Each structure stands twice: as structure tokens, then as C-alpha cells.
Amino acid sequence: LASLTWASSLPSPQHIFSNPEDPSSTTYRIPTLHESAIQARRILHLTSIGTLSTIFPSSQLPWPTENRPSDVAGAPIGLMDYFADCEPATGNPTILAISIATSFKNVAAGSNITLSLRWVPPFSHFKPPVHISAAALPRFSLVGHLEELSEEEAKSGHVAGCFVKYHPDAHAWLPGNRIHESKWVRLVVKEVYWIGGFGDRAYIGWIPLKEWQNVTAEEVKQCRLPGESKKTGVW
């Protein structure tokens with residue numbers, strides 16, 4: 001009932017995948033590619049947990065003790081992982097790669113990798129509580145490859161401090177820890193696929209790499225996502 005009530009309060013559908021010729025004829029305007037890129041970079045900056053997707057290799061080597069089922073060879077798997085926005089000039093997420101983790105073993109065996117993120121706004125300020133469709137909110141995937149950071153890059157970029165600011169608990173498995181072998185890597189972004197929400201009021205499609213990389217720190221700072229604060233609404 002709550003879902004039906006919320007759905008009935010939605011504005012009527014707008015122009016699907018394109019803006020109207022007369023902007024004054026509609027309440028909503030589909031964001032441009034650059035505006036969508038800014039939103040995506042804002043999500044990267046504010047969130048710190050995503051889904052890494054990789055593909056199982058055809059062989060268990062060099063991890064024969066894992067006892068992996070043979071029928072998962074070639075199958076994709078998505079697993080939660082930490083990341084941090086420690087390279088704002090490039091938009092390449094920083095990841096603490098744990099060698100024993102499935103995602104990084106798959107990459108070592110030759111798998112491609114993507115990082116998927118979604119925006120989850122703080123609903124607590126909505127009074128009375130309002131159900132908001134997750135399908136109306138932005139999400140996107142970054143397609144690229146992992147590149148190990150040199151010791152000098154990690155040191156000069158203050159990567160450890162940046163990452164622990166996002167993930168205080170990760171201090172226990174930073175490079176050189178006694179628990180797991182780990183290293184700093186960046187996801188070098190090559191492609192960005194964006195779903196800004198419903199197609200009649202949000203851009204859906206590929207964001208050119210130049211748009212992703214050309215977003216400025218000031219644009220990220222000024223951007224406000226749906227439901228991010230008391231002054232921003234659902235749409």
C-alpha cells in the first residue's frame with residue numbers, strides 16, 4: 001500500500017531519453033553528460049563500498065587448495081569491497097588489494113574487472129518516512145584494469161591516510177601487516193556506464209572518459225545528490 005501511495009504521487013512521465021524542445025514545457029530536465037559525470041564523481045567521493053565483478057578462470061592454479069567447483073569456470077562473480085577516492089584529479093578509485101581475496105585472485109589469473117556503485121541517500125530526514133524507489137536513484141559501473149601503486153606513489157599521495165579515513169578498520173590489513181598480503185592498486189577507469197534513475201528524467205548510457213576525468217573538485221563539492229541533505233529532494 002505504501003509503495004502504491006508513493007507511486008501515485010510521482011510526477012507524470014516526461015520526455016524519454018531526451019529533453020523537450022521547449023524546456024519550459026516540463027518540470028524536469030534530463031542532466032547532460034557532464035552533469036551526469038559530476039553526479040557519478042560525487043558518488044565516488046561520498047561512498048566507499050562497492051561491488052567488484054570478475055570472472056573465474058578456467059583453472060584453479062596457482063591456488064589448488066581452494067577446492068573451487070569446476071563448473072564455475074568462466075562464470076562472473078560480484079563481491080563487496082572497499083575503495084576510496086584518493087586520486088580526485090583522475091577519478092581512479094584506490095583499492096587495497098588482498099592477495100587471498102577471490103576478486104584479486106581472478107584478476108591475477110587474467111580476469112577483467114569492474115567496480116559498481118550506487119547512491120543510497122540518508123532517508124532519516126524525511127518526515128514522515130517516505131518510501132523511495134531504488135530504481136529512481138543513480139548507480140553506475142566503472143570498467144578498467146588494476147594498476148599497482150609504487151611505494152613512492154603511495155607515500156607521496158598519502159594513500160594510507162586517505163584510505164583509513166574512509167575505512168578505519170582497514171588499518172589492520174594495510175601493506176606490511178601480519179594477517180594478509182596486501183598492496184595498493186588503482187582501478188584505471190576506461191569506461192563508465194551510468195544509470196541516473198528513471199529514463200524520463202535522468203541520463204542512461206555511457207559517459208565518455210574525458211567527461212569523467214574533466215570533472216573538477218569544485219564541481220564535485222557543489223553537487224548535491226537526490227536526498228543528500230534536507231534541502232535536496234528525491235528527484
Side-chain angles (χ1 to χ4, degrees), residues 3 6-7 10-11 13-19 28-55 76-88 90-95 103 111-126 130-146 166-167 186-215 219-229 232-235:
S3 297
W6 176 82
L10 286 176
Q14 305 296 307
H15 297 255
I16 305 297
F17 302 123
S18 63
N19 284 310
Y28 300 100
R29 178 181 63 82
I30 295 175
T32 65
L33 278 172
H34 189 65
E35 289 168 341
S36 298
I38 295 172
Q39 292 180 62
R41 291 288 300 272
R42 178 74 174 173
I43 294 173
L44 180 75
H45 181 67
L46 292 180
T47 60
S48 57
I49 295 178
T51 298
L52 288 178
S53 297
T54 57
I55 297 174
I77 183 171
L79 296 169
M80 182 214 81
D81 218 312
Y82 291 176
F83 70 88
D85 184 23
C86 297
E87 294 188 12
T90 65
N92 291 330
T94 299
I95 300 172
S103 298
S111 172
N112 294 324
I113 188 168
T114 63
L115 173 64
S116 298
L117 299 80
R118 70 187 184 100
W119 171 239
V120 181
F123 293 154
S124 59
H125 66 267
F126 286 97
V130 177
H131 172 71
I132 299 176
S133 171
L137 296 170
R139 60 272 193 193
F140 63 103
S141 288
L142 301 175
V143 184
H145 65 268
L146 297 185
Y166 279 93
H167 306 284
R186 60 170 61 92
L187 176 66
V188 180
V189 177
K190 292 298 183 183
E191 303 290 350
V192 181
Y193 187 74
W194 169 260
I195 300 176
F198 293 133
D200 65 336
R201 66 203 68 220
Y203 172 69
I204 297 176
W206 297 96
I207 294 177
L209 185 58
K210 286 186 177 180
E211 294 287 355
W212 172 262
Q213 295 175 333
N214 289 341
V215 173
E219 288 174 322
V220 172
K221 180 180 179 180
Q222 294 298 324
C223 176
R224 289 298 178 269
L225 298 163
E228 182 179 338
S229 69
T232 56
V234 178
W235 304 101

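Bear in mind that the values here come from a model prediction, so they are computed numbers and not experimental data.
At a threshold of 4.5 Å between non-hydrogen side-chain atoms, the residues Arg139 and Ile43 do not count as touching. Counting heavy atoms from C-beta outward, Asn112 and Ile55 have side chains that stay 4.5 Å or more apart. The side-chain heavy atoms of Gln39 and Trp194, taken from C-beta on, include a pair separated by under 4.5 Å. In this structure the side chain of Val220 never reaches within 4.5 angstrom of the side chain of Pro88, judged on heavy atoms. Proximity of Phe198 to Ser133: side-chain heavy atoms (C-beta onward) are separated by under 4.5 Å at one or more points.
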Item to complete: Would you sort out whether Val120 and Leu137 count as a side chain to side chain contact (heavy atoms under 4.5 Å, CB included), showing the intermediate values?
Response: CA-CA 8 Å; Val120 181; Leu137 296 170; over 6 Å; no
Output a table of donor-acceptor pairs, distance under 3.5 Å, between side-chain atoms of residues 79-86 and any protein atom two or more places apart or on a different chain; print 'none' if there are none.
unit_1	atom_1	unit_2	atom_2	d
Tyr82	OH	Asp169	OD2	2.6
Asp85	OD2	His45	ND1	3.2

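Taking every heavy atom of both residues into account, Ile204 and Gly197 meet most closely at CD1-O, 3.5 Å. Shortest non-hydrogen contact noted between Pro121 and Pro226 is CB-O, 3.3 Å. The nearest pair of heavy atoms linking Pro93 to Leu142 is CG-CD1, 3.7 Å. Heavy-atom minimum distance, Thr32 versus Glu35: N-OE1, 2.8 Å. Between Glu87 and Thr94, the shortest heavy-atom distance links the atoms CG-OG1, 4.2 Å.
Here the CZ atom belonging to Phe140 is positioned 11.5 Å from the OG1 atom belonging to Thr114, to the nearest 0.5 angstrom. Considering CD1 of Ile77 and OG1 of Thr51, their distance stands at 11.0 Å, rounded to 0.5 Å. With rounding to the nearest 0.5 angstrom, the OG atom of Ser48 is 9.5 Å from the CG atom of Leu117.
When the side chain to side chain contact (heavy atoms under 4.5 Å, CB included) test is applied to Ile113, the partners found at least two apart in sequence or on another chain are Leu52, Thr54, Val107, Leu146, Leu187.
For the side chain to side chain donor-acceptor pair (under 3.5 Å) condition, the pairs that include at least one residue of residues 202-214, sequence neighbours left out, are His34-Glu211.
Salt-bridge formation is detected for the pair Arg42/Glu228: a Lys NZ or Arg NE/NH1/NH2 atom is positioned less than 4.0 Å from an Asp or Glu carboxylate oxygen.
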